[in-house]
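Read the structure below first, then the notes.
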Protein chains: 2
Amino acid sequence: MDTQHDKSIKRAPGGKSGGRVTMSTIGKLAGVSQVTVSRALSDPAKVSPATMTRIREAIEITGFVPNAVAGALASRKSMLISAIVPSITNIVHASMVQAFSIPMREKGYEILLSESGLDAENEEKLIAAHLSRRPDAIYLTGIHHSPQARKMLMGADIPVVEVWDLTDTPIDICVGFHHSQAGRAVADFVHQSGHKRAATVSAGDERARRRRDAFSNRFADLTGSDIPTVTFEASASLSGGRQALSRLIDEDNFTEGAIFCSSDLLAHGVLVEAESRQLDIPGKVAIIGFGDQDFAQHLHPALTTVRVDRGDLGRAAATHLLKRIAGEPAHNAKLDIGFTIIKRHTA
Amino acid sequence: MDTQHDKSIKRAPGGKSGGRVTMSTIGKLAGVSQVTVSRALSDPAKVSPATMTRIREAIEITGFVPNAVAGALASRKSMLISAIVPSITNIVHASMVQAFSIPMREKGYEILLSESGLDAENEEKLIAAHLSRRPDAIYLTGIHHSPQARKMLMGADIPVVEVWDLTDTPIDICVGFHHSQAGRAVADFVHQSGHKRAATVSAGDERARRRRDAFSNRFADLTGSDIPTVTFEASASLSGGRQALSRLIDEDNFTEGAIFCSSDLLAHGVLVEAESRQLDIPGKVAIIGFGDQDFAQHLHPALTTVRVDRGDLGRAAATHLLKRIAGEPAHNAKLDIGFTIIKRHTA
DNA sequence: TTGTACGCGTTATCAG
DNA sequence: CTGATAACGCGTACAA
C-alpha cells in the first residue's frame, strides 16, 4: 500500500526534516562518526570533552532518543525483565512486583508485565510472547507451569525467579513460603484457642486450596471433626464472603467455630455478615484472614490474619535475580520468606 | 559475496550445543531459506503445506522462539505499548490499565508498564526510557507532563492517550473526566442535603487537590462558610483518614457538617474514627468518598461516594488508541467519561 | 511457492 | 580518542 513511507525512509540517509534521527544524524551534526556517538552515550569518558559537547548539543536540538531495540539486538542485552502475575489488580501480586521493580529499575531494567489470570495455558502463551522479546530475566508467579512452558524457560537460558510459593524443584530461583505450612499453622492456632469446630472459605486458586486443605487436614487430625467449606471459582470479593457465611450457617448449620478464609477480603465479608447476624466474635465464631492487607487492622473487630512480607519477598526476588544476571551460578536457590499469624480480635 | 548467514553460523565462537537458534537454523533443518521460515510464521497460507510441516517440526524439536527484537527493528513495529501510571498498587490505576490491556493484548500488543510515583521529573525519565524501546503507542496518566516530556512525545510521532483527566489541549487523545466538575457536584449534593458546614480530607496529588478546591470553592460560594482541610503529602491510608478526622475535630473544632475525602480509603478512615467517637452519621457528620471501591458499599454505614467507571475508561482508551494506530488521524480527541455520585448511607 | 539482496540502528572488534 | 567494518536476526522488495 503506502510504499511512499518506506521510500522516503530508505532515501533519507542524509535527510533529517521529520525523518528518523539516528546516531548517524547526530554524528553528522557533531562532525563525528556514528560510532563516536554510540560511545559518547555508553561511556562518556572515552570521548573528548569537546566532541562530547557537540554531541550533546546535537542531541538536544534534534530531541534524539537512542533506539534500544537496535541496541538490544546488537548487544544481546535487552535490559528488559519479563514479569507474569495472575492479576495486576490483586494487591498481593501488585505489591510484590512493585517491590521487585524498584531495585530492578535502579539497575536500568524495564519491566514487561502481563496477567495470566491464573490460567496455565494462557501463561504459556504469555511466556512465549515475552521470551520472544529476549528479556534478560523472567519473574513468574507460582511454581506450576505447563511442561511446554518449562521447556521454553530452560531453553531461553536466562535467570528465572518463581515467587509466592516454594518447591524443591525450582526452574532456577524460588522465593516464597509453604502455603500448606501456613494452613497447618492456622489450624494449630485456632485449635490452641480452644475451637472444636472449623470451616473454610476459599477462592478457587491452587495456592488458596493448598492452604485450605492443609488447614482442614490438620484440624481434622486434631479434633476429628469434619470441616465444611465454601469455595469460589470466581475471584474473591467482599460479597462473596458474606454469601459464604450465609451458606455455612444455612446449609451446613455452622454456628460456632473458626473460619479460615483464603483472603482478608473474604474474611471481611464473613465478618460483615457475622455482624449483621449479631454473632459473637470471637466468642462463638472466630475469623482468620490471609494477607494482612491495610484495612485488616482497622476493621471492627480488627481482623486476625496471616502476614507475608510482600515487600521483602519482591526485593529478595530482585536481589537474587540481579546476582544471577551478574553471572553468579546460584542454580536451584530456594528462599523461604515465611509468614506470621497476626493475632487481633477476630480469633 | 554476501554469505553473511553462513559465516555467522560457522563462526559461532565456542560453538556449543546451546547455540542460538534462529530462522536460518530452522530453515536449514527444514531445507528452506530463512525468508520462508519468516513467511511460514507470519502468513502460513503463503507456504506450501509440505514445507510448513517440516518447518513446524524443526521449530518443535529446537524449541525455537522468534526474536521479536530483530523483528521490531526490521519492521519498525514493536507491537509494544508503553504505559506509565502513578502507582501499580493503586487500584484506580491498576484497574484502568488492566481494562486497557485486555483489548490491546487481544490485538497482539504487549504492555511495558512503569510507575512514575506522581513525580513529573521521574515521569520524564520514564518516558525517555520507554520511547527508546520504540513503542507503537503510549498510555499516560494525567495531563500534566514536563515540557521536555511533551517535546519527546510529539517527536516520537506515535499515538498518545492521556487518561483519568481532561484538558482542551491533549497531546493526542484524552479520556477522562473533569475533576473540578466532580468536586463541584459533590458540593452541590451536600448543600442540597442541608449541610451548612463542610471540610475536606485530601491526598496531596494534583487531581485530588483539584477536586478538593472545586468542592471548597463551590461550597463556600453556596454557604459563605470557610472549609477546613487536612491534606496528606504521603499516600493516602486508612489510618491517615482517622488522624484527619481527629485533627479536624481537635484543631478545627469541626463537629458537624460534610466531609469530602479524596479517596474511599481516607473516607473509610474518617468513618472508623467517627464511629469510635460515636458521632451521628450522617445526621451530624456526613462522609463522601471518591472512587467507589469494592468495599465502599459494604461498610457500615455504606459509604456515599463518587464513581468513575474505570473499566469503561480503560477500554475507551484502548479503542481510541487502536483506531489511531490503524491510521485514523483523530487528533485532539477528547472523551468525557463522566462520574456518578453514589448516594448510600454516610451522606 | 521460494529465494536473493538489503536495510533496520545499534554494539563489538579491530585498526589507526 | 576516533573510525571502518562486521555482526545482531528479522522483514520487505523484487526476482525467479
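Chain letters run A, B, ... following the sequence lines, proteins first, then strands; residues in each count from 1.
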Under 4.0 Å from OP1 or OP2 of dA4(D): is there any side-chain N or O of Ser33(A) that close? no

Arg133(A) CZ to dC8(D) P, in whole Å, measures 22 Å

Specify the separation, in whole Å, of atom CG of Asp43(A) and atom P of dT10(C). 17 Å

Pairwise side-chain contact, Ile81(A) with Ile325(A), heavy-atom cut-off 4.5 Å (strictly under): yes

Touch class at under 4.0 angstrom, heavy-atom based, for Ala45(A) against every strand present: sugar-phosphate

Main-chain N/O of Ser87(B) paired with Gln98(A) side-chain donor or acceptor, under 3.5 Å: no

Given side chains that start at C-beta, do those of Glu57(A) and Thr53(A) come closer than 4.5 Å, heavy atoms only? yes

From CE of Met52(B) over to P of dT1(C), roughly how many Å is that when rounded to an integer? 13 Å

Nearest-Å distance for atom pair CD1/C1', residues Ile55(B) and dC10(D): 14 Å

Would you mind classifying the nucleic acid contact of Val32(B) as base, sugar-phosphate or nothing, using non-hydrogen atoms under 4.0 angstrom? sugar-phosphate

Strictly below 4.0 Å: does Thr51(B) bring a side-chain N or O up to OP1 or OP2 of dT2(C)? yes

If a protein heavy atom is under 4.0 Å from the base, mark B; if only from the sugar-phosphate, S; if neither, -; do that for nucleotides 11-16 of chain C going 5' to 3'. BB----

Nucleotide nearest Thr36(A) when distance is taken to its side chain, options dG3(D), dC1(D), dT10(C): dG3(D)

When rounded to whole Å, the CZ to C1' distance for the pair Phe64(B) and dC10(D) reads 9 Å

To the nearest Å, give me how far apart NZ (Lys77(B)) and P (dG11(D)) are. 12 Å

With a cut-off of less than 4.0 Å, is there a side-chain N or O of Ser48(A) near OP1 or OP2 of dT2(D)? yes

Tell me yes or no: between the side chains of Thr141(A) and His93(A), is some donor less than 3.5 Å from an acceptor? no

Examine dG9(D): is either OP1 or OP2 under 4.0 Å from a nitrogen or oxygen in the side chain of Arg76(A)? Give yes or no. yes

Starting at atom CG of Leu73(A), determine the distance to atom P of dA6(D), rounded to an integer number of angstrom. 17 Å

With no hydrogens and no angle check, just 3.5 Å: does a side-chain donor-acceptor pair link Glu110(B) and Ser114(A)? yes

Taking atom P of dC10(D) as reference, at what distance in whole Å does atom CG of Asn67(B) sit? 5 Å

Got a donor-acceptor contact below 3.5 angstrom from the Arg134(B) side chain to the Leu131(B) backbone? yes

Close side-chain approach of Val161(A) to Arg324(A), heavy-atom, < 4.5 Å: no

